Amino acid sequence: MGKKESLEDTAKVLGRMYDGIEYRGFAHSVVDDLAKFSGVPVWNGLTDDDHPTQVLADFLTAYEHLGKDFSEMKLAYVGDGRNNVANALMIGAAKVGMNYAVATPSSLNPAAELVDECRKWATENGSEILITADPFEAVKGADIIYTDIWCSMGEEDKIAERIELLKPYQVTKQLLESTGKNTIFEHCLPSFHDLNTSTAQMVYEKFGLKEMEVTDEVFRSPASVVFDEAENRMHTIKAVMVATLSDTLKF
Ligand code: NVA
């Protein structure tokens, strides 16, 4: 998009043809421009900076498993602390008053402006945001441990440096058991927890790593609710569509 036709014009064309647009891509400005110019509801299905619809499914899944208010939950994210999913979780947690801790190397800290904005929302909603380099500090008392892949879409060439940085942030049984609680494990997927993908095979051959952001043991453990999250993507996006289309489609 934006190559032979401006994004503004494409947005207007799509708006004439569709009742809503879900955008999944890279630059966040694209989803903003589609929303600005198309005249129809636009849903962010994933950009470089944000993944809000994923978080709806994650929070619904946490609610189903933990059975308590978001204001009584703590979510600890361990890994690449400034990727789209980590940003979205921090925003979501701040908005619902959930405590949020992120364990990440300082070079992958979330952007300071975003943290400031989220801290304002969190304070209004009675929760806190902790940013630390220590995974064991972050997960203390956590109800949910969350991780995501170490190289997001478009960052595949950074694999060597990310392995170096993030190896100490792998979610292991020891980390999961250190919370002092019956903690659930969440992941947005896809996940490199075994060698059953060609990417994981390549990483194993080049770097000797059999698992990346989470061990296979944790991924397949009873604490893991990752496929409930996957199913809840469907239910939550339908809810968002109903909420945002009901005015224009009159139902
Ligand atoms: N951070 C990941 C999320 C995938 C759902 C990525 O951008 O690839």
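Scope of the values below: all heavy atoms of this structure, side chains included, with no hydrogens, waters or symmetry mates. All ligand and atom numbering here is 1-based and tracks the order in the structure. Everything quoted here is computed from the prediction, not taken from an experiment.
- The distance from the CG atom of Asp116 to the CD1 atom of Ile129 is 9.5 Å, given to the nearest 0.5 Å.
- Aromatic ring centres of Phe70 and Phe59 lie closer together than 6.0 Å.
- A donor and an acceptor atom, one from each side chain of Asn83 and Asp148, are located under 3.5 Å apart.
- Counting non-hydrogen atoms of other residues, nucleotides and ligands closer than 6.0 Å to CD of Gln201 gives a total above 12.
- For the residue pair His187 / Glu213, a side-chain donor-acceptor distance below 3.5 Å is found, with atom types taken as modelled.
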Short N or O contacts of ligand 1 with protein, under 3.5 Å, listed by atom name?
{"residue": "ligand 1", "atom": "1 (N)", "partner": "Asn84", "partner atom": "OD1", "Å": "2.8"}
{"residue": "ligand 1", "atom": "1 (N)", "partner": "Asp148", "partner atom": "OD2", "Å": "2.6"}
{"residue": "ligand 1", "atom": "1 (N)", "partner": "Ser152", "partner atom": "OG", "Å": "2.7"}
{"residue": "ligand 1", "atom": "7 (O)", "partner": "Asn84", "partner atom": "ND2", "Å": "2.9"}
{"residue": "ligand 1", "atom": "7 (O)", "partner": "Ser152", "partner atom": "OG", "Å": "3.4"}
{"residue": "ligand 1", "atom": "7 (O)", "partner": "Met153", "partner atom": "N", "Å": "3.4"}
{"residue": "ligand 1", "atom": "8 (O)", "partner": "Met153", "partner atom": "N", "Å": "3.0"}

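- Salt bridge status for Glu72 with Lys68: absent, with no side-chain N to carboxylate O gap under 4.0 Å.
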